[in-house]
Amino acid sequence: MTRTSPDSCPGVLRLHQAADGPLARVRVPGGRLEAQQLQALAEAAHELGDGNIELTSRANVQLRRVRDATELTARLETAGLLPSHTHERVRNIVASPLAGRVGSRADVHQLVPALDAGLLAAPRLADLPGRVLFTLDDGRGDVSGLGGDIGVHAVDADEFAVLLAGLDTGIRVSATDAVDVMLAAAHGFLDLSSGQWRLHEIENGVERLTDLLGLAARADLLKIAAIQDIPIGWLTQDNGLVSLGAGVRLGSLPARTAEFIAAVERPVFLTPWRSLVLADLEEWPAEQVVRVLAPMGLIFDANSPWLLVSACAGQPGCAKSLTDVRADVGAAVDSGRIQPDSATFNSDAPHSELVLPQPDPTSSDTPSAPVFEAGEVTVGERQHWSGCARRCGRPRGAVTDVVATPDGYRVD
Ligand code: SF4
């Protein structure tokens with residue numbers, strides 16, 4: 001595939017003109033935010049944006065309806081969230097959120113600063129498309145299945161599989177070499193690219209880039225699967241401290257809630273499932289955090305129906321949207337229609353066996369996929385609601401699609 005235009009991914013210095021106003025995307029390598037950085041984002045969201053911090057599927061954040069881009073730039077620079085004006089959009093680095101704390105083979109968070117620094121230090125790598133994604137998986141398989149372009153996956157404490165376009169190349173490297181090999185792959189991507197935004201768009205890109213790396217490859221390859229493994233609730237760390245995994249309704253974190261999280265003064269890890277992990281807590285403070293933040297809407301219950309749903313921006317943020325999908329999915333959750341045991345869902349069946357109302361057999365209309373009013377949609381299991389057929393933000397893996405059409409919602 002050959003692209004005829006550069007990617008249009010937004011940043012802080014290049015805002016996206018959304019239907020509801022300018023949108024800024026802030027890269028957060030490894031998803032790690034220090035407390036003062038989260039506080040700076042909360043204040044910016046409150047004073048310069050729409051009052052919310054949006055979490056993205058790459059563990060970055062977005063601010064909507066930005067009123068003063070110059071002021072936002074200055075604040076983010078002060079907070080250390082915009083270390084480069086040339087490379088800001090290429091710092092798409094996702095790492096296993098619990099790495100180094102809960103049950104990981106290797107602490108891939110230790111590699112993130114070196115990878116970020118390597119990207120920033122190479123003037124040429126500013127030319128990487130903003131779509132290129134780096135993944136660092138601690139061996140549990142939670143981020144390798146996101147379909148990143150260049151990644152490493154821990155197979156042992158000091159051995160990593162090199163992934164390209166989400167596939168195991170057979171190359172194995174040590175922790176010492178992992179960052180250098182990923183940076184070499186980034187340069188190789190530019191060598192091979194003729195305008196493509198992603199490695200899989202380059203003809204035989206994986207094979208050609210593997211050859212360019214010039215490293216020995218083994219034949220027995222890892223099978224990489226797309227799984228959704230949202231860390232939720234009380235997670236005892238290997239060192240005895242506690243991490244709290246918290247779901248965020250539709251990935252939209254109110255600035256006020258973010259300020260309370262920042263006040264805990266512990267590291268926060270954003271996840272690619274639009275949730276967060278508050279790490280390194282003693283037990284008593286962890287209990288108080290749950291007591292305060294659960295009533296504010298953070299989700300610590302792994303059985304919450306909010307964890308089953310995601311949605312695109314919809315109206316009013318997207319001009320293409322046929323409806324306000326986020327309001328519709330919120331109403332579905334609040335009314336109890338989003339449950340694994342929903343009446344129209346057979347929980348023992350795969351998604352293709354959803355039990356949906358059938359069209360009226362007496363109708364003379366041409367048979368077509370049934371559509372539903374927003375208040376009729378009742379689906380169990382994981383689902384993604386979209387305001388049009390583009391299905392932006394759809395998670396990878398097994399997901400039921402709820403897609404707005406001019407006549408109502410279709411369930412695929
Ligand atoms: S899926 Fe359609 S409506 Fe939703 S954000 Fe994308 S383009 Fe807009």
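Only this structure's heavy atoms are used, side chains among them; waters, hydrogens and symmetry mates stay out. Just follow the structure's listing: the first ligand is 1, and inside any ligand the first atom is 1.
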S.K.: Within ligand 1, which atoms have a heavy atom of Cys388 less than 4.0 Å away?
M.R.: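 That gives atoms 1 (S), 2 (Fe), 3 (S), 7 (S) of ligand 1.
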
S.K.: Given Ala19, Ala389, Cys312, which one has a non-hydrogen atom that is nearest to atom 4 (Fe) of ligand 1?
M.R.: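 The residue whose heavy atom sits nearest atom 4 (Fe) of ligand 1 is Cys312.
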
S.K.: With atoms numbered from 1 as shown, which atoms in ligand 1 lie under 4.0 angstrom from a non-hydrogen atom of Cys318?
M.R.: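 Counting atoms of ligand 1 from 1, those under 4.0 Å from Cys318 are 3 (S), 5 (S), 7 (S), 8 (Fe).
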
S.K.: Check ligand 1 against Ser321 and write out every atom of the ligand that is under 4.0 Å from a heavy-atom position of the residue.
M.R.: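 In order of number, 3 (S).
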
S.K.: From atom 6 (Fe) of ligand 1 out to just under 2.8 Å, does an N/O/S atom of Cys392 turn up?
M.R.: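 Yes, Cys392 qualifies, because one of its backbone or side-chain N, O or S atoms lies under 2.8 Å.
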
S.K.: Less than 4.5 Å apart, any side-chain heavy atom of Val61 and any of Glu54?
M.R.: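 No, side chains not in contact.
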
S.K.: Is there a donor in the side chain of Asp412 and an acceptor in the side chain of Thr400, or the other way round, less than 3.5 Å apart?
M.R.: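 There is no such pair (donor and acceptor under 3.5 Å, judged by atom type) between the side chains of Asp412 and Thr400.
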
S.K.: Salt bridge check, Arg198 against Asp149: does any charged N sit closer than 4.0 Å to a carboxylate O?
M.R.: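 Arg198 and Asp149: salt-bridged.
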
S.K.: Looking at the rings of Trp234 and Phe300, which for Trp means the six-membered one, are their centres under 6.0 Å apart?
M.R.: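 Ring centres of Phe300 and Trp234 not closer than 6.0 Å.
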
S.K.: Are Arg32 and Glu34 ion-paired here, with the side-chain N under 4.0 Å from a carboxylate O?
M.R.: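 Salt bridge between Arg32 and Glu34, a charged N being under 4.0 Å from a carboxylate O: yes.
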
